[in-house]
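Beneath this line is the structure, given in structure tokens, with notes to follow.
Just so it is clear, the values below take in all heavy atoms, side chains as well, and ignore hydrogens, waters and symmetry mates.
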Amino acid sequence: MAKQICAFFFCFWWVLFCLGHIATADDPVTIFIFGDSTVDVGTNNLLQSSSSRADFAPYGIDFPYSVPTGRFSNGLNSADQLARLFGYQRSPPPFLYILNRTSTFKRDILQGVNFASGGSGILIKTGKFRYTEVVPLGDQIQQFATVRGNFIKLIGPEATDKFIAKSLFIVSTGSNDLFDHVELPSNSSTSVDPEDEFFYMANLQSTYRNHLEGLYKLGARKFGIISVAPIGCCPHARVSNTSGVCREELNKLAQSFFISLQDLLLKMSSKLKGMKYSLGNAYAMTMSIIEDPLAFGFKDTQSACCGNGQLNGVIPCMHSLNPNLCANRHEYLFWDLYHPTEYASRLAALTLYGAGTRFVAPMNFSQLAAIPV
């Protein structure tokens, strides 16, 4: 009888051991997210002076319990959707949020962190004039350096290097840099000077390279980069044209930005040992929807679901301003003046995660995450 009991507990222990190893093998890749409002999950809620906020109704109307979380969406955004595809039940939380939870900070960071800040950009000055306070990309990377320092205290330097090298670094930024270049008072002429544009884009590429190299020096090896969508076609941009068509100067900048990213990442990956990347062409992804909306289930690719004025693109989506609010949100490409609906974000995430090289190259995000280090 004793032998049977021992055999039972041995088998029970062995099953638990195997299940534990299976669970470990299936654990999602750790994700660190950087960028702007396209992937911000609540950072700006914690910036007292920032006017780039989404922590009020009707934002979050389709989030569980209709809670406005600071996501610039009616529900989940692309960061959330990608996290789900990688096996997360919940998206990695904002750095500033877990920083305030000192008792669990070191445990929380092992599950990934989101550093993104709505209104921010590649350049340190981007967003400051419009929104007063944002967290620029460079500062987000400094925050990650703090996280890395805590990793070293937790698991040691060698294990930290391995852990970070296996992790996926997702960066979605650039649109606010382009908006500021065209729309700020000092740049608001009716046409963009080609020479000025050339130097601006060169500065943008150089600064972006410095930021990505900074992440590389901190141990990052897998970069999932998301380019700028056709921002000239968002409701805010359309209403500045009397005819309501896309603003071509903004779209041309977005296309130039993508081309510069292709060149930048190719050069960096050829020089930096072990660097791998995936570049998502948000411009092509979005234009494919705008050119054939019914194929993707959309009925309106011009108006904001939430807002007021022409195309609901003049007055922001704020409950206090009594905005129009569409009922069929899954049929709209745009949720507010600038941002996609939850449904559109889901399509974007699915494309980044699993599509072919037409939209994401030289590999998709799931293939990038699977590369052994």
Side-chain angles (χ1 to χ4, degrees), residues 33-61 63 66-75 77-79 93-97 99-100 114-140 142-143 172-188 228-229 231-232 234-240 247 250 304-325 334-341 345:
I33 302 168
F34 304 79
D36 53 30
S37 56
T38 54
V39 287
D40 184 349
V41 295
T43 293
N44 285 16
N45 297 356
L46 300 164
L47 302 181
Q48 293 185 351
S49 301
S50 181
S51 61
S52 178
R53 309 180 74 91
D55 54 347
F56 47 81
Y59 284 93
I61 189 171
F63 199 82
S66 297
V67 176
T69 60
R71 291 164 171 83
F72 294 78
S73 171
N74 56 302
N77 64 20
S78 293
F95 170 78
L96 294 180
Y97 173 75
L99 187 64
N100 291 331
N114 187 311
F115 304 90
S117 170
S120 71
I122 296 164
L123 303 180
I124 192 170
K125 65 179 182 179
T126 296
K128 300 289 181 68
F129 181 86
R130 292 173 184 265
Y131 307 115
T132 305
E133 185 181 10
V134 297
V135 184
L137 183 58
D139 289 356
Q140 294 175 33
Q142 288 304 308
Q143 291 174 346
S172 177
T173 190
S175 59
N176 292 308
D177 298 283
L178 303 185
F179 271 126
D180 275 12
H181 179 59
V182 172
E183 295 188 341
L184 287 188
S186 60
N187 305 315
S188 58
V228 174
I231 54 176
C234 72
H236 163 80
R238 284 182 183 270
V239 298
S240 63
R247 286 186 63 178
L250 282 168
C305 169
C306 181
N308 222 320
Q310 182 187 358
L311 300 177
N312 284 340
V314 179
I315 298 174
C317 176
M318 297 177 65
H319 183 71
S320 59
L321 299 176
N322 193 30
N324 295 319
L325 180 62
F334 293 102
W335 158 246
D336 63 8
L337 276 65
Y338 301 97
H339 304 100
T341 56
S345 294

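- A perpendicular orientation is assigned to the rings of H236 and F179, their planes being inclined by more than 60° (bins at 30° and 60°).
- Taking the side chain as every heavy atom from C-beta outward, K125 and D180 never approach each other to under 4.5 Å.
- When all heavy atoms of Q310 and V239 are compared, the pair lying nearest together is O-CG1, 3.1 Å.
- Counting heavy atoms of neighbouring residues, nucleotides and ligands inside a 6.0 Å radius, atom CZ of F129 does not exceed 12 of them.
- The backbone N or O of K128 lies less than 3.5 Å from no partner atom in the side chain of T132, so there is not a single donor-acceptor pair.
- Side-chain atoms of N312 and P235, non-hydrogen and from C-beta on, never get closer than 4.5 Å to each other.
- Side-chain contact between D336 and C305 is absent, with no heavy atoms from C-beta onward closer than 4.5 Å.
- Looking at N44, D36, T43 one by one, the single match for side chain to side chain donor-acceptor pair (under 3.5 Å) with S117 turns out to be N44.
- Of all heavy-atom pairs spanning L250 and A237, the tightest one is CD1-CB, 4.0 Å.
- Listed for the R53 side chain is a donor-acceptor partner under 3.5 Å among the backbone atoms of N45.
- Rounded to the nearest 0.5 Å, atoms CZ (F115) and CZ (F95) are 6.5 Å apart.
- Nearest heavy-atom pair, H339 versus S37, reported as atom, atom and distance to 0.1 Å: NE2-OG, 2.6 Å.
- Under the salt bridge (charged side-chain N to carboxylate O under 4.0 Å, His left out) criterion, no residue pair touches residues 37-51, with sequence neighbours excluded.
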Exercise for review: Might you work through the side-chain contact (heavy atoms from CB on, under 4.5 Å) test for L46 and L99, ending with a clear yes or no?
Suggested key: CA-CA 11 Å; L46 300 164; L99 187 64; over 6 Å; no
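- Atom CD1 in I231 sits 4.5 Å away from atom CG in L178 (nearest 0.5 Å).
- Annotation for T173 and S120: closest pair OG1-O, 4.3 Å, computed over non-hydrogen atoms.
- Within the 4.5 Å cutoff, no side-chain heavy atoms of R130 are placed close to those of N176.
- Using bins of under 30°, 30° to 60° and over 60° for the plane-to-plane angle, the ring pair Y59/W335 lands in the perpendicular bin.
- For the atom pair OH (Y131) and CG (L47), the distance works out to 13.5 Å, reported to the nearest 0.5 Å.
- Of all the heavy atoms in M318 and P323, the pair that sits closest is O-CD, 2.9 Å.
- Remark: the Y97 side chain and the N114 side chain contain no N/O donor-acceptor pair separated by less than 3.5 Å.
- Within the model, atoms CZ of F63 and CG of N77 stand 9.0 Å from one another, a figure rounded to the nearest 0.5 Å.
- Residues D177 and T126 have side chains that bring a donor and an acceptor to within less than 3.5 angstrom of each other.
- Residues I33 and V41 fail the side-chain proximity criterion, which asks for heavy atoms closer than 4.5 Å.
- The shortest heavy-atom contact between Q143 and V135 is NE2-CG1, 3.8 Å.
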